[in-house]
Amino acid sequence: MAESRITPRSQDFAAWYQDVVLEGDMAEPAEIVKGCMVIKANGYAVWEALQRAFDDRFKAAGHQNLYFPLLIPQSFLKKEAEHVEGFSPELAVVTIAGGRELEEPYVIRPTSETIIGHFFARWIQSWRDLPVLINQWANVVRWELRTRMFLRTTEFLWQEGHTAHATHEEALEEVLRILDIYADVAENVMAMPVIKGSKTSGEKFAGALRSYSIEAMMQNGLALQAGTSHDLGQNFGKAFDVQFQTREGTLDYVWQTSWGVSTRLIGGLIMTHSDDKGLVLPPRVAPFPGVIVPIYRKDDERGPVLETARKIAADLKIKLDDREGQTPGAKFFHWERRGVPVVMELGPRDLASGNIVIKRRDSSAKETVAQTSVREKLESTLGAIQKDLYAAAKRRLEDNCVLANSIQEVEDILREVTAEKGGGKFVMAHLKDDPATDARLKEFKATVRNIPMVDNYDGPGACVVTGEQVPQRVVIAKAY
RNA sequence: CGGGCCGUGGCGCAGCCUGGCUAGCGCGCUUGCUUGGGGUGCAAGAGGUCCCGGGUUCAAAUCCCGGCGGCCCGACCA
C-alpha cells in the first residue's frame with residue numbers, strides 16, 4: 001500500500017542518499033541548528049561499532065586516549081601560518097561568555113593541533129619522553145557553507161590522533177601505520193575498499209608537510225576521502241616551541257603527526273552498500289546482526305511460535321520483533337529499510353518441520369534451515385554477507401578505474417562524469433603535483449584524490465599536462 | 001556565501017496565482033473486530049502556532065517586507 005519513500009538511485013542519487021539516511025533512522029537534520037544533525041540510535045550504534053574497531057587498533061599500536069578542551073584561545077590558531085589560513089574561514093568564535101566580552105576570544109576547535117602543541121611543549125623535555133602517542137574522541141565544529149548529513153555537517157564526531165617523535169623517519173612510520181589501520185577498518189570492518197595514497201601539495205592539511213588519505217568510491221563513482229593521516233614535520237613543533245633534548249645533548253623540535261576519521265565514514269558506508277530498498281549494513285558494523293519475525297494466525301499458534309522464537313533469539317543474541325498489531329509484512333519492510341543483515345521468519349509451518357527461514361538483506365536470498373543448525377547458518381550467512389559486500393564494492397571500484405594517457409582523454413572522461421548520471425570514474429593518469437595541473441582539472445570539478453601507495457599500473461610516465469616525467473599514475477576524480 | 005526549489009496534524013501532499021464558509025486528502029496514530037509466510041480489511045476516533053516576525057486589508061495559509069531552516073547547483077571544505 002504505502003510505497004517505499006526511497007527515491008531510486010538511478011533517478012536522483014542525492015535524493016536517494018537523503019532518503020536512506022532518514023528511512024534507515026540513521027539521522028535527521030537538527031532543524032533548529034543550521035548545518036547540524038541528530039545522529040539517531042540506529043546511526044550512533046554504527047558509529048560505536050566503528051569506534052570500537054578503531055580504538056582497539058589504536059590501543060594495540062600503543063596509543064592512549066585523553067581529552068583536550070573544546071575551546072581554544074584564538075591566538076593559538078595564528079601561531080602556524082598555513083594552519084590559520086586554512087581554517088579561519090570555517091571557525092566559530094566565542095566572544096562573549098558569562099555575560100561579558102572576552103579579552104581574548106575562543107574558537108571552537110575545528111581540530112586540535114594547536115592546543116595540543118601547547119601541551120606537548122609542557123610535557124616533552126627529553127628524547128626519553130618520546131614518542132607521545134595520544135588520541136581523543138571528540139566533536140569539532142567547522143562552519144561549512146554546504147552541509148549533507150554525515151558527509152559534511154557543521155559539527156561532527158571524530159577521533160584525532162596526535163603523536164610526537166624524535167625523528168622524521170619515526171613520524172613517517174607512524175603516519176603510514178595509521179593509514180594502514182584506516183584501510184584495515186574500512187575494508188575489513190566496513191567492507192569498503194579504499195585506495196591508500198598521498199595527497200598532492202594542493203590538497204594537503206593546512207600546516208602539514210604531507211598528507212595521506214584513504215579514498216573510497218561511492219556507487220555513483222564519486223570519490224570520498226574516508227580518512228587522513230598527516231606528516232606535520234616540525235611545523236607545529238616550531239610554532240609551539242616543542243623542543244626536546246636529544247641523546248647527544250642537543251636541542252631539536254619534535255616531529256609530529258595527526259590523523260583522523262569522522263562520522264563521515266557512515267556516509268561512505270551508506271553510499272557504498274545501500275540499495276533502492278534502503279540501508280544495507282555489513283554485519284560487522286550493524287547494531288545487531290539479525291531479527292526474528294514471528295508469524296502466527298491463530299491464538300493457539302501464537303504462544304508456541306513466540307516461545308520458540310524467543311528461545312532462538314536469546315540463543316543467537318539477536319532481536320525478536322514481537323510487536324503486536326504489526327503484520328509480518330510490515331515488519332519485513334521495517335527491518336529492511338534499517339539495513340539489518342538477516343531477517344529470520346518463524347511460523348507454524350516451521351514449528352511443525354523444525355525449520356526456520358533466514359533471509360539476507362544484501363541479496364534477498366531466502367533459505368530454510370533446520371533450527372538445530374541455525375547458529376552455524378547465521379554465522380556463515382553473516383560471513384558471506386560481509387565478504388560479498390566487500391567483493392561487490394571492490395569490483396565496482398576496479399571496473400570504474402579507467403586509464404587515460406592524454407589530457408584530452410582525461411577531460412573526455414571527466415566531461416561524462418560531470419553529466420551527473422552516476423557514471424563517475426576514477427581516472428588514472430600520469431600527472432605532476434603542480435598548481436597548474438590542479439587548475440586544469442578544476443574546470444571539470446575534479447581533483448587529484450591521491451597518489452596511490454601501490455602502483456597497480458605502468459610506473460613512470462610523462463605528465464599529461466606538462467610532459468615531465470612523473471613516477472606513477474594518480475587518481476583523478478570528482479569527490480564529495 | 002551566490003542562484004534555484006521548498007516549509008500546511010507524526011510523514012507525504014493539495015489549497016496560495018485570483019485573500020472570504022468550519023483548512024482538505026493519503027499514509028501513519030488510538031480503540032474494537034478482523035487479518036497475519038512481504039506494507040490485511042472494516043468501523044469509530046484523536047491530532048493543526050498553515051516555519052517565525054512585521055506589514056497591507058473589514059478579512060491573510062494565500063499578497064508585501066524581513067528572518068530562520070531544508071534540498072539541489074556553484075564557489076569553499078572531512
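Lettering of chains follows the sequences in order, A, B, ..., and the numbering in each one begins at 1. Predicted model, so just to flag it, every value in this text is computed and none were measured.
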For a quick check under 3.5 Å, do [X] and [Y] share a side-chain donor-acceptor pair by atom type?
X      : Y      : value
A:N135 : A:N65  : yes
A:R449 : A:T447 : yes
A:E174 : A:T257 : no
A:D12  : A:T7   : no

Original post:
Do the side chains of A:W259 and A:T163 get nearer than 4.5 Å, heavy atoms only?
Top reply: yes
Ignoring backbone atoms, test whether [X] places a side-chain nitrogen or oxygen under 4.0 Å from the OP1 or OP2 oxygen of [N].
X      : N     : result
A:T327 : B:U40 : yes
A:R264 : B:A78 : no
A:K331 : B:G39 : no
A:K442 : B:C76 : yes

Heavy atoms only, 4.0 Å cut-off, all strands: where does [X] land among base, sugar-phosphate and nothing?
X      : result
A:Q225 : sugar-phosphate
A:D12  : nothing
A:L224 : nothing
A:Y480 : nothing
A:V293 : nothing

Of all the choices, [options], which nucleotide is nearest to the side chain of [X] once you look at every atom?
X      : options             : answer
A:L145 : B:G36, B:G39, B:C76 : B:C76
A:E144 : B:G39, B:G36, B:A78 : B:A78
A:Y296 : B:G37, B:G36, B:A75 : B:G36

Opposite nucleotide pairing with [N], Watson-Crick or G-U, both atom distances under 3.5 Å:
N     : answer
B:U22 : none
B:G45 : B:C29
B:A60 : none
B:C16 : none
B:G2  : B:C73

**OP:** For a side chain to side chain contact (heavy atoms under 4.5 Å, CB included) with A:I39, tell me which candidate from A:W47, A:Y44, A:F156 qualifies.
**Re:**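 Answer to the side chain to side chain contact (heavy atoms under 4.5 Å, CB included) test with A:I39 among A:W47, A:Y44, A:F156: A:Y44.
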Subject >> Most 5' of A:L151 and A:E324 on RNA chain B, judged by nearest nucleotide >> reply: A:E324
Subject >> Member of A:D438, A:D433, A:D434 meeting the side-chain hydrogen bond (donor to acceptor under 3.5 Å, both in side chains) criterion with A:S201 >> reply: A:D433
Subject >> Salt-bridge criterion met for A:K298 and A:D300 (N-O under 4.0 Å) >> reply: no
Which pairs, protein N/O on one side and nucleotides 69-71 of chain B N/O on the other, fall under 3.5 Å?
residue	atom	partner	partner atom	Å
B:G69	O2'	A:E31	O	3.4
B:G70	OP1	A:G35	N	2.7

Original post:
Rounded to whole angstrom units, what separation is found between the CZ atom of A:R302 and the P atom of B:U34?
Top reply: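 In whole Å, B:U34 P lies 14 Å from A:R302 CZ.
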Original post:
Below 6.0 angstrom between ring centroids: does that apply to A:Y106 and A:F76?
Top reply: no
**OP:** For this output row, return yes or no: ring centroids of A:F120 and A:H162 closer than 6.0 angstrom.
**Re:** no
**OP:** Using a cut-off of strictly less than 4.0 Å between a heavy atom of the residue and any atom of RNA chain B, enumerate the qualifying residues of residues 196-216 of chain A by number.
**Re:** none
